[in-house]
Amino acid sequence: MSAIRIEFEAPPSTGSLMLRAALSRKPGLKEGEDLPRFEAVVNDVRVDQLAAYQSICGFPESDVLPLTMPQIVAAPLHLAVLTHPEFPMPAMGMVHVSSRIVQQRPIHGDESLDIFVWVEGQRQARKGCEADMITEIRIDGDVVWESVTTVLSTAAKGHGKKSEPDPIPEPVPTRSVVWSMATDLGRRYGTIAGDRNPIHLWPITAKLFGFKRHIIHGMWLLARAIAELDTDVGDGPVQVDVAFKRPVFLPGTATFSAGDQDGSIAFRLDNPEKGKTHLYGQVKRLG
Amino acid sequence: MSQNPVSLVSVSPPEAAQRVSRNARPAAPGEKRNRYTLPSSLQSGSPVGYRTRVSLTQAEADEAALLFSLERPRGFVNGGPIREQALFEEVSLGILTARQSTNFRGHKQVTLGPHDSQQIADLMRDLDGCEASVLDGAAMTHVVFTRPYRTPFTLLLTFVGHHMGLNLLTVPWRAIAKRWMHADDIPSIGYLQHLHLGILADAMERAAVIASHGRRKAQVLMGPFANQDVRKTNRALIDRIHSLCGLSAAAVAEGWRVGLVAQVGAVEQSLPLSEATARKVGANLMAFRSERIQPGVNAEESAPDEYQHRQDMDVPEELAFMAARAAYNSFTHWTGCERDQAKELLLMERIDVLTDGGRDRLRQIRADNNGITDALIKNLPLWADLPMGKALSRNANRGRKAFALVGQRIYIGGLDKGQLGKLGLDPTLACQAIGAAASRSAKVCELSGCIDLPDDCDLLVGTCLMAGPVNQNDIGKQFYGYKDLLAGAFEAQDPTSMMVWTLKAKTVADPLGNEEQLLNRKRKGALVDLRPAPHEVVSVRVDGKLVPMRKAHGRTNQERAYADVGNFVRGPNGAPIPGNRGSAWPADLANETVWKETL
């Protein structure tokens with residue numbers, strides 16, 4: 001099957017895509033079926049909501065996009081792919097399990113971005129299948145930012161084997177701080193990021209999807225972590241890897257800690273009461 | 001009026017077998033937490049956190065000793081603009097940590113830039129009662145507001161000392177007078193406001209020097225705002241200061257008023273304080289603030305083993321001498337009196353608990369204060385106590401521990417007001433000076449207790465500044481015919497005791513759980529976290545607008561001051577307390593120049 005390519009003149013509205021995601025009924029991947037290649041493209045994208053994004057994630061005001069912000073600029077394309085009628089798996093219920101972001105240079109708020117997103121193929125996981133959504137952002141033809149967003153869909157058969165979990169880094173912290181997250185954080189962030197997935201909004205809407213309460217967006221957690229790391233991230237080429245382990249329910253608190261580990265900055269977010277890890281990752285300066 | 005040099009004197013640790021340190025661990029899952037277990041986490045915007053003392057070499061201590069005989073600046077020179085980080089470190093050593101009572105937050109601060117500093121300097125020059133020259137060219141000026149001391153203890157005092165037959169009338173009257181006229185139930189409660197301000201003034205003077213590694217000094221002025229008469233004379237100008245700093249009429253009605261003005265600027269001749277030593281001292285000052293040391297009172301039966309050890313240690317006589325010298329330095333400095341006069345005015349009774357006479361005296365004080373508590377409880381109006389489930393009498397009973405005096409050396413400090421009057425000294429300023437004197441001498445002891453601190457000791461000297469025993473004695477004086485605590489030691493005078501400080505050589509720090517009570521509303525809801533975040537008590541006036549310090553972009557401060565020194569409490573195997581280390585304020589903001597303007 002040839003690639004399915006969607007081209008936009010402007011980023012699509014996430015509201016209508018969300019509605020489509022909520023209403024669509026898809027069977028999932030059948031055994032032996034592979035996820036075909038889907039591509040989405042939009043050029044000359046101008047960033048808005050920069051100040052609001054910086055504020056809600058805790059970044060100082062600046063004309064430079066926070067490292068994590070291109071992900072939400074590209075989010076309408078991700079949603080467009082996932083809700084495409086030919087895309088075999090349902091968008092609702094997909095879980096963001098990990099991300100890798102590589103930024104070559106800081107992106108300024110007044111720069112025009114060409115965004116290219118694609119996904120192709122899948123691999124079996126324990127409870128379903130995982131797919132990598134690749135995002136590439138170019139400015140004047142040069143790739144300045146790219147990410148790999150790994151999502152898990154349970155609408156496919158998993159291999160069921162329990163694998164050894166990756167070791168969670170335990171750096172000697174140079175930062176350790178307890179975050180308090182208000183109950184309306186998901187709604188406020190969702191408005192700015194264009195992600196009004198019901199699981200982030202209210203306890204009752206989250207319960208419809210099997211959560212005991214609403215949860216904060218994983219990308220907010222990552223953005224807040226990058227904001228907390230501040231100068232540890234730097235302005236040069238950088239790579240961030242993160243694994244999302246457990247959701248953070250709202251309202252809630254979580255302990256963020258970070259420190260040097262093997263030449264990188266390792267970070268993690270834990271539940272202060274139960275000690276369980278919500279996410280962990282590392283920032284590596286490149287070059 | 002020059003001050004005598006102070007030295008920091010090392011204290012010998014006990015032999016290795018007698019050394020103990022706080023060996024606390026977090027509560028195991030399902031185990032009931034107590035004050036001896038480590039907190040599970042810390043969520044606080046304060047620069048303090050849970051800190052440990054940092055060992056100083058004797059050479060570093062000698063360098064730091066200059067902080068205890070600082071003279072006033074004679075003028076300021078252009079030292080360049082102030083970075084936000086420098087301001088943070090200075091306020092961390094000043095208003096954010098200057099010790100107040102355990103459950104009262106009675107200060108707030110507005111910091112002005114160079115232009116506003118000049119404006120306030122011009123205003124100050126017209127005020128009556130300035131104890132030193134108002135200087136030009138300050139890089140910034142801190143204006144500190146203060147309010148009367150009001151806590152659950154003073155609520156209890158509303159019901160104390162009334163005539164049985166009249167208390168239905170006199171209790172409401174006293175409550176009204178307290179709320180609307182800011183009248184105190186007993187004089188020593190009023191003194192607390194002044195004592196705390198004096199402690200802060202002394203801390204701010206040191207803070208300017210430590211935060212700038214000796215490049216800046218502070219000219220702290222309290223005289224024009226001290227007593228009611230001088231405030232009345234200065235009223236119009238004080239109103240202008242209030243207006244410049246945005247103090248609202250509602251805040252004034254609540255009792256807030258300007259208490260001190262600290263002009264800060266670079267000095268021509270920097271003080272010989274290296275950055276490395278300044279940072280160690282700064283980190284130690286955070287550690288002193290992260291504990292309430294009450295020497296000895298934790299040696300209860302349920303306490304872990306490390307609190308039960310007897311240690312063959314004593315406070316060296318030379319240290320006690322230096323502590324007293326620091327106190328007299330401070331008193332002289334803040335009242336402007338001559339040193340010889342200070343020795344006559346500052347009444348100090350020393351109780352050496354290790355002597356028979358000392359033990360007897362301590363027993364007598366305890367017995368008197370317990371007698372006062374008994375009388376107080378007996379005299380409480382039942383119509384108020386019974387409907388509250390006897391909460392008033394329970395609280396009064398609970399106070400006995402707060403008024404306990406334990407230590408090796410105990411000093412009771414006070415003043416003879418008649419003598420002050422004869423010398424024309426302002427009694428309010430003298431009371432502030434007592435607070436400053438007590439605080440300065442305590443810092444001399446605490447820092448001395450860090451010299452060559454062995455790894456297996458938390459500290460070598462613990463001090464505790466207390467007003468509780470004085471307040472309790474004052475209740476007895478006002479209502480039950482007791483004499484002042486200092487009456488026996490100064491029979492020929494008319495003494496008013498104001499403060500007690502206790503001193504003990506020891507190696508184990510107090511349980512951290514004591515402090516957690518102040519930080520965890522679930523554990524002790526009535527207590528207030530005394531360790532405020534910058535945005536809660538400091539506003540910076542920039543371009544005519546008051547901006548809460550370190551509150552921006554949806555964030556508030558999580559940085560611990562002098563965190564680079566790394567003196568954080570850890571659990572077994574070096575495990576950190578989650579949240580204790582804090583996180584640095586974004587560098588872009590911390591490196592910003594606070595005020596772009598220059599004079």
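Since we're looking at a predicted model, the values are computed, not measured. In what follows, chains are A, B, ... by sequence order, proteins preceding strands, each numbered from 1.
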Engineer: Which heavy atom of A:Thr231 sits nearest to which heavy atom of B:Ala587, and what is that distance?
Structural biologist: CG2-CB, 3.2 Å

Engineer: Go through the atoms of A:Arg188 and report whether side chain, backbone, both or neither lie under 4.5 Å from a heavy atom of chain B.
Structural biologist: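 Contact with chain B: none, neither part.
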
Engineer: In Å, rounded to the nearest 0.5 Å, how long is the span from NE2 of B:His553 to CD1 of A:Ile56?
Structural biologist: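 Atom-to-atom, B:His553:NE2 and A:Ile56:CD1 are 14.5 Å apart.
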
Engineer: Could you give the distance from CH2 (A:Trp179) to CD (B:Gln558), rounded to the nearest 0.5 Å?
Structural biologist: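 It is 11.0 Å, given to the nearest 0.5 Å.
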
Engineer: Could you look at A:Ser257 and say if it's the side chain, the backbone, both or neither that has a heavy atom under 4.5 Å from chain B?
Structural biologist: neither

Engineer: Considering only heavy atoms, which portion of B:Ala584 lies under 4.5 Å from any heavy atom of chain A: side chain, backbone, both, or neither?
Structural biologist: both

Engineer: Within the side chain of B:Arg555, is there an N or O that forms a donor-acceptor pair under 3.5 Å with the backbone of A:Ala227?
Structural biologist: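 Looks like yes, one N/O pair under 3.5 Å.
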
Engineer: A quick test of your reading: do over 12 heavy atoms of other residues, nucleotides or ligands sit less than 6.0 Å from CD of A:Gln261?
Structural biologist: yes

Engineer: Of the backbone (N, CA, C, O) and the side chain (C-beta and beyond), which part of B:Pro586 lies under 4.5 Å from a heavy atom of chain A, both, or neither?
Structural biologist: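 Both backbone and side chain.
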
Engineer: Can you tell which part of A:Ala258 gets under 4.5 Å to a heavy atom of chain B, answering side chain, backbone, both or neither?
Structural biologist: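 Contact with chain B: none, neither part.
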
Engineer: Just checking A:Arg100: does its CZ atom have more than 12 heavy atoms from other residues, nucleotides or ligands closer to it than 6.0 angstrom?
Structural biologist: no

Engineer: Could you go through the side chain to side chain contact (heavy atoms under 4.5 Å, CB included) check for B:Gln43 and A:Ser180 one step at a time?
Structural biologist: CA-CA 9 Å; B:Gln43 185 175 15; A:Ser180 273; 2.4 Å; yes

Engineer: Below 4.5 Å, heavy atoms only, C-beta onward: do B:Pro578 and A:Pro272 meet side chain to side chain?
Structural biologist: no

Engineer: So, for A:Val178 and B:Leu42, which heavy atoms are closest and what is the spacing to 0.1 Å?
Structural biologist: CG2-O, 3.1 Å

Engineer: Does a sphere of radius 6.0 Å around CG in A:Asp235 hold more than 12 heavy atoms from other residues, nucleotides or ligands, not counting ones at 6.0 Å or beyond?
Structural biologist: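 Open: at most 12 neighbouring heavy atoms sit under 6.0 Å from CG of A:Asp235.
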
Engineer: Is it the case that the side chains of B:Ser583 and A:Arg175 hold a donor-acceptor pair, with the cut-off being a distance below 3.5 Å and no angle test?
Structural biologist: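 Judged by distance alone, the side chains do pair up.
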
Engineer: Ignoring hydrogens, what is the shortest heavy-atom contact between A:Ser176 and B:Gly579? Give both atom names and the distance.
Structural biologist: OG-N, 2.5 Å

Engineer: Under a 4.5 Å heavy-atom cut-off, does chain B meet the side chain of A:Phe59, its backbone, both or neither?
Structural biologist: backbone

